[in-house]
Amino acid sequence: MAEATFNSKDLEELAQNMYRTAEKLYPKEVKRFLQKEGNKGAGILRKKTRAATKKKTGNLIRGIKRGSVYQYKGSYQVRVKNNAPHAHLIEYGHVLWVNGTQTEKFVPGKYPLKKAAPEIAATLTGDVDGFVDDLISKGFGL
């Protein structure tokens, strides 16, 4: 009796190919999907930033935004970023300044974006699978 081998990478490749096909056939649906995913990503980043900084107010949290969906090298993309002027200091760390003079103390970075990235990627992967399933159930518009 012949045995069939099953590799999950084949399914991932199929889902990616279907997503690329959807990009070509249904650009409005893909843009809408990416906007929703960008909003989810911004929410995850806000949550991680609040947890890392222990602050519930301020420009750091308000600076987290979802960019617009754009096309780069043939695929649609969306960015989640922090526009606060001091976001990079919280992310990577900085030298402490007291009364206008530099001290020897270095405040290490809290890396909220780096910590949020795997969670954003995990939710995106699951949601892409759901998006592809919806397209299949609709019959790709046939």
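One is the number of the first residue; the rest follow in order along the sequence.
Closest non-hydrogen pair, A51 versus K54, comes out as O-NZ, 3.0 Å. Here the closest heavy-atom approach between residue K110 and residue A52 is recorded as CD-O, 3.0 Å. Taking each heavy atom of T53 and T49 in turn, the nearest pair found is OG1-O, 2.8 Å.
K65 is linked by a salt bridge (Lys or Arg N to Asp or Glu O under 4.0 Å) to nothing, counting only residues two or more places apart in sequence or in another chain. Residues passing the salt bridge (Lys or Arg N to Asp or Glu O under 4.0 Å) test with E29: none are found, sequence neighbours excluded.
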Could you list the donor-acceptor pairs under 3.5 angstrom formed between side-chain atoms of residues 90-98 and any protein atom two or more places apart in sequence or on another chain?
unit_1, atom_1, unit_2, atom_2, d
E91, OE1, L113, N, 3.0
E91, OE2, K114, N, 3.3

Throw together a table of side-chain donor-acceptor distances under 3.5 angstrom for residues 30-44, partners on residues two or more places apart or in other chains.
unit_1, atom_1, unit_2, atom_2, d
N39, OD1, R66, NE, 2.8
N39, ND2, Q35, O, 3.4
K40, NZ, D127, OD2, 2.8

Contacts under 3.5 angstrom, residues 71-80 side chains, donor-acceptor by atom type, not counting sequence neighbours:
unit_1, atom_1, unit_2, atom_2, d
S75, OG, Y72, O, 3.4
Q77, OE1, Y70, OH, 3.2
R79, NE, Y70, OH, 3.1

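Follow the hydrophobic side-chain contacts under 4.5 Å out from L45 and you never reach L124; the two are in separate clusters.
Panel note: side chain R46, backbone I64; a donor-acceptor pair is recorded below 3.5 Å.
Exactly one of D134, V128, D129 qualifies for a side-chain contact (heavy atoms from CB on, under 4.5 Å) with V132. That residue is V128.
Residue pairs meeting the ring pair (Phe, Tyr, Trp, His ring centres under 6.0 Å) criterion with at least one partner in residues 99-122, sequence neighbours excluded, do not occur; the list is empty.
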